[in-house]
Participant: 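Quick one: this structure, given as structure tokens, is what I'll be asking you about.
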Amino acid sequence: MEVIDFNKSNSILNKFVSELRDVNIQKDQMRFRRNLERIGEIMAYEVSKRLKYNTIDVTTPLGVATVNVPQEDIVLGTVFRAGLPLHTGFHNYFDHCENAFVSAYRKYLDEVNFDVHIEYLASPCLDGKTLILVDPMLATGSSMYLAYRALLSKGTPKAIHVVSAIASQHGVDYVCEHFPQENTTVWCAAIDPEINSHAYIIPGLGDAGDLCFGEK
């Protein structure tokens, strides 16, 4: 399994990540959502480099051009609700893909402990397809894994790309332990060192869902 941390290299992606984190800039919900969307677009471009391609001929007004285009059947999956802007960024680039949606939420048992519950699933068949599963925050990794397990009820993908804007090292380690080793790639705009007692990423950015759409 390969883990890709974009924070280790210099690109415009880091600017958008810095704005997501900034406690003053993130007060603007529209800008926060748009930054997640732009991060999705940049990461979609990077993921596209790993796909398999076919060569086709395209007729222009003046002749025929030979072009390489992706050949894989892609299903773009996301976790409600915070995942929607990141999903939009990917969908802007993979505009002909199929889509899957999973509802996952934390049900707190007390002030610290919680279980993750899956309540809703809508997905096409995944057999033999490439699953790109996006969620802006990868904290413990349990929500991402349960979403993946729920999606397996719709078939077995041939390749899996797990994508997050901000991940904790704990979450990355959890995904590496629980997802298939031979066909999973983990993509993170940034990986932070820890999570706190409430399973929030430190330094992270706060609650992505609330910052996107308002407090619950």
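Note that the structure is a prediction, hence the values are computed from the model and not measured.
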Participant: For P180 and M1, work out which heavy atoms get closest and say how close.
Facilitator: O-CE, 3.5 Å
Participant: Find out whether T130 and H161 are in side-chain contact, i.e. whether some heavy atom of one side chain is under 4.5 Å from a heavy atom of the other.
Facilitator: yes
Participant: Tell me, please, which residues at least two apart from T60 pass side-chain hydrogen bond (donor to acceptor under 3.5 Å, both in side chains).
Facilitator: none
Participant: Once you measure the plane-to-plane angle for F94 and F90, does it fall in the parallel (<30°), tilted (30-60°) or perpendicular (>60°) bin?
Facilitator: parallel
Participant: Is it the case that atom CD in Q181 sees more than 12 heavy atoms from other parts of the structure closer than 6.0 Å?
Facilitator: yes
Participant: Determine yes or no for a side-chain-to-main-chain donor-acceptor pair under 3.5 angstrom, with N14 supplying the side chain and S9 the backbone.
Facilitator: yes
Participant: Do F32 and C212 make a side-chain contact, defined as non-hydrogen atoms from C-beta onward lying under 4.5 Å apart?
Facilitator: yes
Participant: Does a side-chain heavy-atom distance below 4.5 Å link Y174 with M144?
Facilitator: no
Participant: State the OG-CD distance between S48 and E72, to the nearest 0.5 angstrom.
Facilitator: 10.5 Å
Participant: Just jot down the salt bridge (charged side-chain N to carboxylate O under 4.0 Å, His left out) partners of E177, sequence neighbours excluded, or say none.
Facilitator: none
Participant: Spell out, as yes or no, whether a donor-acceptor pair under 3.5 Å connects the side chain of N183 to the backbone of K158.
Facilitator: yes
Participant: Side chains of P85 and F213: closer than 4.5 Å at any heavy-atom pair?
Facilitator: yes
Participant: If you compare all heavy atoms of A150 against all heavy atoms of L121, which two are closest, and at what distance to 0.1 Å?
Facilitator: O-CD2, 3.3 Å
Participant: Can you tell me how far apart CD (Q169) and CG (D173) are? Round to the nearest 0.5 Å.
Facilitator: 4.5 Å
Participant: Is the count of non-hydrogen atoms from other residues, nucleotides or ligands lying under 6.0 Å from K49 atom NZ greater than 12?
Facilitator: yes
Participant: Hey, mind stepping through Y120 and F101 against ring-ring contact (aromatic ring centres under 6.0 Å, His included) and telling me if it holds?
Facilitator: CA-CA 8 Å; Y120 174 83; F101 300 95; 8.0 Å; no
Participant: Under the 4.5 Å side-chain heavy-atom rule for ILVMFWY, direct or indirect, which residues accompany V67?
Facilitator: I56, V58, V69
Participant: For the residue pair M43 and V163, what are the closest heavy atoms and their distance?
Facilitator: CE-CG1, 3.6 Å
Participant: My understanding is that only residues two or more places apart in sequence, or in another chain, count here; which of them pass salt bridge (charged side-chain N to carboxylate O under 4.0 Å, His left out) with E194?
Facilitator: none
Participant: Roughly how far apart are I202 CD1 and I195 CD1, rounded to 0.5 Å?
Facilitator: 9.0 Å
Participant: Is the distance between the ring centroids of Y45 and Y93 under 6.0 Å?
Facilitator: no
Participant: Heavy atoms only: give me the nearest L131-P157 pair and the separation to one decimal.
Facilitator: CB-CB, 3.9 Å
Participant: Does F16 have any ring-ring contact (aromatic ring centres under 6.0 Å, His included) partners at least two apart in sequence or in another chain, and if so, which?
Facilitator: none
Participant: M137 pairs by side-chain contact (heavy atoms from CB on, under 4.5 Å) with which of V79, I166, D207?
Facilitator: I166
Participant: Can you confirm whether H178 sits close enough to Y145 that some side-chain heavy atom of one is under 4.5 Å from a side-chain heavy atom of the other?
Facilitator: yes
Participant: Looking at N10, I'd like to know if its CG atom is crowded, meaning that more than 12 non-hydrogen atoms belonging to other residues, nucleotides or ligands lie closer than 6.0 Å.
Facilitator: no
Participant: Are I160 and T185 close enough that some pair of their side-chain heavy atoms sits under 4.5 Å apart?
Facilitator: no
Participant: I need the minimum non-hydrogen distance between P193 and P203, along with the two atoms involved.
Facilitator: CD-CD, 4.1 Å
Participant: What about V186 and L86, same hydrophobic cluster or not, with Ile/Leu/Val/Met/Phe/Trp/Tyr joined at side-chain heavy-atom distances under 4.5 Å?
Facilitator: no
Participant: As an exercise, state the distance from CG of D28 to CD1 of I25, rounded to the nearest 0.5 Å.
Facilitator: 9.5 Å
Participant: Is a side-chain donor or acceptor of Q29 paired with a backbone partner of L211 at a separation under 3.5 angstrom?
Facilitator: no
Participant: Check whether the side chains of N68 and T55 place a donor and an acceptor atom closer than 3.5 Å, and report yes or no.
Facilitator: yes
Participant: Within a strict 4.5 Å, meaning less than it, do heavy atoms of the L151 and L126 side chains meet?
Facilitator: yes
Participant: Got a sec, which residues hit salt bridge (charged side-chain N to carboxylate O under 4.0 Å, His left out) with D210, two or more places apart in sequence or on another chain?
Facilitator: R81, K216
Participant: Check side-chain hydrogen bond (donor to acceptor under 3.5 Å, both in side chains) between D127 and all other residues, then give those that pass, not counting sequence neighbours.
Facilitator: none
Participant: Does R50 have any side-chain hydrogen bond (donor to acceptor under 3.5 Å, both in side chains) partners at least two apart in sequence or in another chain, and if so, which?
Facilitator: E2
Participant: Provide the full list of salt bridge (charged side-chain N to carboxylate O under 4.0 Å, His left out) pairs with a residue in residues 6-20, sequence neighbours left out, each pair given once.
Facilitator: K15-E19, E19-R31
Participant: Please identify each residue that fulfils side-chain hydrogen bond (donor to acceptor under 3.5 Å, both in side chains) with N24, with sequence neighbours left out.
Facilitator: none
Participant: Salt-bridge test for E37 and R34: reply yes if a basic N is under 4.0 Å from a carboxylate O, no otherwise.
Facilitator: yes
Participant: Looking only at heavy atoms, which two atoms of P136 and A82 are closest? And how far apart?
Facilitator: CG-O, 3.4 Å
Participant: Applying a strict under-4.5 Å side-chain criterion to I, L, V, M, F, W and Y, I'd like to know whether L36 and I12 cluster together.
Facilitator: yes
Participant: What residues, two or more places apart in sequence or in another chain, satisfy side-chain contact (heavy atoms from CB on, under 4.5 Å) together with H91?
Facilitator: L76, H87, C97, N99
Participant: Taking only residues two or more places apart in sequence, or in another chain, which ones meet K154 in a salt bridge (charged side-chain N to carboxylate O under 4.0 Å, His left out)?
Facilitator: none
Participant: Taking the side chain as C-beta and beyond, is there a heavy-atom pair between I132 and I74 under 4.5 Å?
Facilitator: yes
Participant: Output the distance between atom CD1 (I191) and atom CZ (F6), rounded to the nearest 0.5 Å.
Facilitator: 10.5 Å
Participant: We want to know whether D192 and S168 form a side-chain donor-acceptor pair, criterion being a heavy-atom distance below 3.5 angstrom.
Facilitator: no
